[in-house]
Amino acid sequence: MGPLFNASDEWSFVIALVIGIAFGYLLESAGFSSSRKLAGVFYGYDFVVLQVFFTAAITAAIGLLFFEYFGWIDLSDIWVNRFYTGSAILGGALMGIGFVIGGFCPGTSACASAIGKIDAMLFLGGFIIGVILFDAFYPLYAGFYKAGNQGPVKIYESLGMDREVFLLLFVIVAIASFVATGYIQQKISHKSKKY
Amino acid sequence: MEEIKVQQHTPRKYMNPYLAGVLLGLVILFSFYLTREGLGASGAFKRGVAKVEQIIIPAHVNSEKSAFYHYVKNGEDPLKNRLVYMIIGVFIGGFLSGAINHRLKLKLEHSPKITSKTRAIAAVIGGAIFGIGSAFGRGCTSGAGLDGMAVLATSGFVVVGMIFGVGYLVAWFFRKLWI
């Protein structure tokens, strides 16, 4: 039964390299190597980010549930990020601002740098500066960073729902957003751009 | 003959987003199945910074004053981690797709309404804000967001909700950069 390896096994390093290649290949193939295409999600002229992102999330979430039903994976042994209320909210907000100004996120900027996008290389340079700044002034907000630890809590627990019911709702909301964004994108298509 | 030449140099069309999404979802699924963890991009860069700090300012990173203390505790090498191999893979995979689809080109992409210089400055500033954000968020769009949603973690949904929610809130102020 899965997971087959521990994340710190050396085999995991080899697997991570292969998974990284697939990840980078798919990001580039879907058009995530273009900042103007990525930023489109915020201005209504291109929703590919939302479409790829939510399709991937529901595919993986449904897959994990089926793997558990078939007895192939022990979900209690899977890594789940802890939820630190204030830090997660502030971090998400800053990432939203950084995304709109910079036009990338770390994974997409890495794959765009690989095909020669100079703006992506500059974004990555900025990203590293940000990480250094965070570390340099860390004592100022270490308390805030570690406050409000709710542990590896799940969204359906936070909402007091059944796991399966939540997942069904998530899928419905995702599909509704695909339909809505398809409609909006058509409406704004006169602004359609070449990247 | 000429037509063939033109075709060879024209970038191919992007993959259908839903097909790419399903394939990416399967990659995440197998990552969890095989290694118990999902995707990640920011972790490798944080570890890279920790590695440099370990060499040039060891007293800082080996203390509670550093956010990366846990990467180097007990003399550990911060680069001996799967996320470092994963980001190397992302560069290779991105390059392969770019090569196969004729999209390899050194280029600073920007809206025709702004100069290259404006775009360059915005990319660095946006990157820096994103870097600070992903440190607070304990991961970026992939590690905190995508993985988090796949395992139905509250942290993942909150981070993704904030990225897109705040992104839409501030988009109007930065519209000149894009449209």
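Quick note: numbers below take in every heavy atom, side chains included, and nothing from hydrogens, waters or symmetry partners.
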Notebook entry, point to check: Salt bridge check: are A/Glu10 and B/Lys80 linked by an N-O gap of less than 4.0 Å?
Noted result: yes

Item checked: Option that, when pairs with chain B are counted at under 4.5 Å, heavy atom only, ranks first among A/Ala57, A/Ala7, A/Gly107 -> A/Ala7

Item checked: Interface moiety of A/Phe53 toward chain B, non-hydrogen atoms closer than 4.5 Å -> both

Check: Quick one: what part of A/Leu167 sits under 4.5 Å from any heavy atom of chain B, side chain, backbone, both or neither?
Finding: side chain

Next item on the list: Specify which of B/Ala50, B/Gly38, B/Gly137 makes the most heavy-atom pairs with chain A at under 4.5 Å.
Entry: B/Gly137

Check: By a 4.5 Å heavy-atom criterion (distance strictly below it), what part of A/Pro152 contacts chain B: side chain, backbone, both, or neither?
Finding: neither

Note to self: Among B/Gly98, B/Ala128, B/Ala153, which residue has the highest count of heavy-atom pairs closer than 4.5 Å to chain A?
What the structure shows: B/Ala128

Next item on the list: Return the option, out of A/Tyr43, A/Trp79, A/Phe23, A/Phe83, with the maximum number of heavy-atom pairs under 4.5 Å with chain B.
Entry: A/Tyr43

Next item on the list: Verify the ring-centre separation between A/Phe42 and B/Tyr168: is it less than 6.0 angstrom?
Entry: yes

Check: Is it the case that A/Asn81 and B/Ser155 place a side-chain donor and acceptor less than 3.5 Å from each other?
Finding: no

Check: Among B/Phe30, B/Phe173, B/Phe32, which residue forms the greatest number of heavy-atom pairs with chain A at distances under 4.5 Å?
Finding: B/Phe32

Notebook entry, point to check: Under a 4.5 Å heavy-atom cut-off, does chain B meet the side chain of A/Ala142, its backbone, both or neither?
Noted result: neither

Next item on the list: Count the heavy-atom pairs under 4.5 Å between each of A/Ile89, A/Asn6, A/Leu27 and chain B, then report the option with the highest count.
Entry: A/Ile89

Check: Pick from A/Val48, A/Ile132, A/Val100: which one has the most heavy-atom pairs with chain B under 4.5 Å?
Finding: A/Val100

Check: For B/Arg119 and A/Ser35, does a side-chain donor sit closer than 3.5 Å to a side-chain acceptor?
Finding: yes

Checklist line | Pairs of heavy atoms under 4.5 Å with chain A: top-ranked of B/Leu169, B/Val61, B/Leu96 | finding: B/Leu96

Check: Once the angle between the rings of A/Phe67 and A/Trp72 is folded into 0 to 90°, is it parallel (under 30°), tilted (30 to 60°) or perpendicular (over 60°)?
Finding: perpendicular

Margin query: On the six-membered ring of A/Tyr145, is B/Arg138 placed so that its NZ or CZ lies under 6.0 angstrom from the centre and within 45° of the ring axis?
Written below: yes

Note to self: Among B/Ala144, B/Ser134, B/Gly161, B/Gly89, which residue has the highest count of heavy-atom pairs closer than 4.5 Å to chain A?
What the structure shows: B/Gly89

Check: So, A/Lys117 and B/Glu109, do they make that salt bridge, N to O below 4.0 Å?
Finding: yes

Notebook entry, point to check: Picking from B/Val22, B/Ile92, B/Val27, which has the most non-hydrogen pairs under 4.5 angstrom with chain A?
Noted result: B/Val22

Next item on the list: Under 4.5 Å, counting heavy-atom pairs only, tell me which of A/Phe54, A/Phe166, A/Phe178 racks up the most with chain B.
Entry: A/Phe178

Item checked: Contact leader toward chain B among A/Thr55, A/Val49, A/Ile155, where contacts are heavy-atom pairs under 4.5 Å -> A/Ile155

Notebook entry, point to check: Relative to each other, are the rings of A/Phe123 and A/Phe127 parallel, tilted or perpendicular (30° and 60° limits)?
Noted result: parallel

